Enquirer: 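What follows is a single structure, and I will ask about it in a moment.
These numbers were taken from a predicted model, which means no experiment stands behind them. Side-chain atoms are counted along with the backbone in the values below, which use heavy atoms only and exclude waters and symmetry mates.
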Amino acid sequence: MTGMRGSRPRTLVVRLDSAGDVLLAGPAVRAVAAGSSYTALLCGTQGAAAGRLLPGVDDVLTYDAPWVGFTPAQVSRTATRQLLLALEDARFDRALVLVSYHQSPLPAALLVKLAGVGWTAADSEDYPGTLLDLRHRRLPHRHEALAALDLAWAAGFALPPGDDGRLHVESPPDTTRLTGAGPYVVLHPGAAVPARAWTPERAARAVTALAAEGHRVVVTGGPGERDLTAKVAGDHGLDLGGATDLRQLAGVLAGARVAVTGNTGPAHLAAAVGTPVVSLFAPVVSAERWAPYGVPHILLGDQLAACANSRSRHCPVPGHPCLDGIGDAEVLAAVASLGEGRAAPERQRGGRAGQERPRDEGDQTERGAAV
C-alpha cells in the first residue's frame with residue numbers, strides 16, 4: 001500500500017493477549033509488513049516470545065495491559081508513560097489494534113492516539129468517537145485468524161503474492177537432541193485454563209494407550225508444568241516438561257507426526273509449523289473461531305455439552321465429560337488418520353496472490369471428521 005507522503009508507512013500492530021492469540025495474528029502481521037517500511041508488534045509479556053517468531057516483525061514492544069488476561073496487571077502511570085514514550089519515539093504512521101471477538105479495542109486505541117499515531121483501525125462494536133479512523137465490523141462467526149486478516153485487508157494491507165495466508169513462524173530449530181531420532185507424537189496436556197484440557201489422569205491414560213499402539217509419545221509443557229508432564233508421561237512417554245522455550249517447542253512440534261493438545265497456544269504453534277492437530281476442544285469457547293487454522297485437524301470433544309459458549313475457566317459440569325469422556329479409540333483413530341503418510345514435517349506450502357479478500361481455509365470439523 002502507499003503510506004504517508006508517498007512512502008510506505010511505519011505500522012504498529014497491537015495484539016495484547018497470549019501466545020496463541022499472537023500466533024493467530026501472524027497472517028495479518030505479514031500483510032501489514034508487506035505494505036510497510038517498518039512493522040512492530042505490541043503485545044503483553046505472555047505473547048512476546050510468539051511475536052518474535054512471526055515473519056515480518058521488525059520489533060516487539062511489550063505492555064501488560066490492565067484490561068487483558070486472567071490476572072491483569074495493576075493500572076500504572078509509570079508503565080503507561082513508558083509505553084507512550086516508546087510509541088512516540090518509534091514515530092508510527094498507522095496502527096491496527098487486533099482483539100478477539102468479545103473484546104473492545106478502545107483502551108489500546110486511546111493509548112495509541114495519545115502516543116501521536118495519526119491513523120488507527122480496529123474491529124469495534126462500541127462507538128469509538130475519534131479513537132478510530134477505521135471502525136471495521138468483523139463478519140459473523142469468523143475465525144480469529146481470518147478476522148485479523150480481514151481488518152488488515154480493509155486497512156489497505158494485502159498478503160504478498162505467494163503467501164498462503166496460513167499461520168507461520170520463522171524456521172524452527174532441529175530438536176532431535178531433545179526428542180531423539182525416529183517418529184513421534186506430541187501430547188501437550190496443559191492449558192492456561194483447566195476447562196480446556198484433559199485432567200492429568202485422563203491425559204496419562206492417553207499416553208499409555210498411544211504407547212500400547214506403538215507410538216513414541218513426547219509430552220511437552222512449560223517450566224511451571226513439570227509435575228503435570230511427569231505424571232502424564234509416566235513410564236510410557238518422554239517427558240520434556242520445562243525443557244523447551246517457545247522456539248524449541250516449535251521445533252519439537254515441527255518434528256512430530258501429530259500433535260494432541262487442547263485449545264491452547266501449542267495447538268496454534270503446531271499449526272504454524274504445519275503439524276496436524278488432534279484438537280481436544282472443550283466448547284467453552286467456539287471452535288469456529290479458535291480451532292487449529294490451516295492444517296489438517298480433527299476436533300474431539302462434545303461441542304454440545306452444557307458448558308458450551310460459557311467461557312468458563314473451570315469445567316462447570318462434574319467429571320469434565322466434554323473432554324474426559326473422549327475414548328482411547330477415538331484418540332487412536334484420529335492420530336492414525338492424521339499421521340498416515342506423514343514421514344517428515346511439512347516445511348513449505350504453496351500460496352495464492354494476496355490481493356483478494358481473505359477466504360476461510362481453516363474451518364473446523366465436527367467430531368471425528370478431518371480436513
Side-chain angles (χ1 to χ4, degrees), residues 11-33 39-74 76 79-80 82-83 86-87 90 92 95-105 107-109 111-112 122-123 143-149 151-152 166-170 172 188 190-193 196 220-225 244-250 253 261-273 285 289-290 292-293 313:
T11 308
L12 174 70
V13 179
V14 181
R15 191 58 168 109
L16 291 171
D17 291 277
S18 63
D21 301 298
V22 172
L23 291 168
L24 289 172
V29 170
R30 297 199 307 273
V32 168
T39 303
L41 180 66
L42 173 63
C43 55
T45 53
Q46 288 191 336
R52 295 186 183 98
L53 295 179
L54 295 182
V57 174
D58 294 303
D59 193 16
V60 174
L61 308 174
T62 59
Y63 173 66
D64 286 322
W67 61 89
V68 172
F70 300 125
T71 55
Q74 295 297 314
S76 166
T80 302
Q82 289 173 343
L83 172 65
L87 297 181
F92 293 110
L96 271 67
V97 181
L98 305 180
V99 291
S100 300
Y101 75 98
H102 60 278
Q103 295 173 325
S104 172
L111 295 181
V112 166
D123 289 330
H143 192 284
E144 291 292 319
L146 277 170
L149 195 54
L151 175 62
R166 302 183 185 185
L167 307 189
H168 289 290
V169 293
E170 297 290 354
H188 188 88
V193 293
R196 300 184 191 180
T220 57
E225 297 176 316
T244 62
D245 60 18
L246 197 67
R247 184 169 180 270
Q248 292 167 328
L249 179 59
L253 289 165
T261 178
N263 174 26
T264 186
H268 304 304
L269 188 58
V273 296
V285 295
R289 291 187 172 99
W290 298 104
Y293 181 73
R313 300 180 188 179

Enquirer: With a 4.5 Å heavy-atom cut-off, do Leu61 and Leu87 have their side chains touching?
Expert: yes

Enquirer: So, the side chain of Asp58 versus the backbone of Ala40: is there a donor-acceptor pair under 3.5 Å, distance only?
Expert: no

Enquirer: Side chains of Arg247 and Leu53: closer than 4.5 Å at any heavy-atom pair?
Expert: yes

Enquirer: From Leu16 CG over to Leu41 CG, what is the distance, rounded to the nearest 0.5 angstrom?
Expert: 9.0 Å

Enquirer: Are the side chains of Val14 and Tyr63 in touch, meaning some heavy atoms are under 4.5 Å apart?
Expert: no

Enquirer: Show the nearest heavy-atom pair for residues Pro105 and Asp123, with the distance to one decimal.
Expert: CG-O, 3.1 Å

Enquirer: Show the nearest heavy-atom pair for residues Leu149 and Ala31, with the distance to one decimal.
Expert: CD1-CB, 4.1 Å

Enquirer: Please indicate whether Gln46 has more than 12 foreign heavy atoms, meaning atoms of other residues, nucleotides or ligands, lying under 6.0 Å from its CD.
Expert: no

Enquirer: Which heavy atom of Gly56 sits nearest to which heavy atom of Ala33, and what is that distance?
Expert: O-CB, 3.4 Å

Enquirer: Report the distance from atom CG of Leu54 to atom CG of Leu23, rounding to the nearest 0.5 Å.
Expert: 6.0 Å

Enquirer: Could you give the distance from CG (Asp59) to CZ (Arg52), rounded to the nearest 0.5 Å?
Expert: 8.5 Å

Enquirer: Are Asp17 and Val22 side-chain neighbours, meaning at least one heavy-atom pair lies under 4.5 Å?
Expert: no

Enquirer: If you take all heavy atoms of Ala108 and Val97, which pair is closest and at what distance?
Expert: CB-CG1, 3.9 Å

Enquirer: Quick one: pull up NE2 in His188 and CG in Leu249 and give me the separation to the nearest 0.5 Å.
Expert: 7.0 Å

Enquirer: Kindly indicate whether the side chain of Glu170, heavy atoms from C-beta on, has any atom under 4.5 Å from the side chain of Pro55.
Expert: yes

Enquirer: With side-chain contact (heavy atoms from CB on, under 4.5 Å) as the criterion, how do Leu42 and Val112 come out once you've worked through the C-alpha distance, each side chain's angles and the decisive distance to 0.1 Å?
Expert: CA-CA 11 Å; Leu42 173 63; Val112 166; 5.6 Å; no

Enquirer: About how many Å separate CH2 of Trp290 and CD of Glu144, when rounded to the nearest 0.5 Å?
Expert: 3.5 Å

Enquirer: Work out which heavy atom in Ala192 is nearest to a heavy atom in Phe70; give both atom names and the distance.
Expert: CB-CE1, 3.8 Å

Enquirer: What is the minimum heavy-atom distance between Thr264 and Gly190, and which atoms define it?
Expert: CG2-O, 3.7 Å

Enquirer: Quick check for you: to the nearest 0.5 Å, what is the distance between Ser76 atom OG and Gln82 atom CD?
Expert: 7.0 Å

Enquirer: Enumerate the residue pairs fulfilling salt bridge (Lys or Arg N to Asp or Glu O under 4.0 Å) with a member in residues 21-31, sequence neighbours excluded, ordered by first and then second residue.
Expert: Arg15-Asp21, Arg30-Asp163

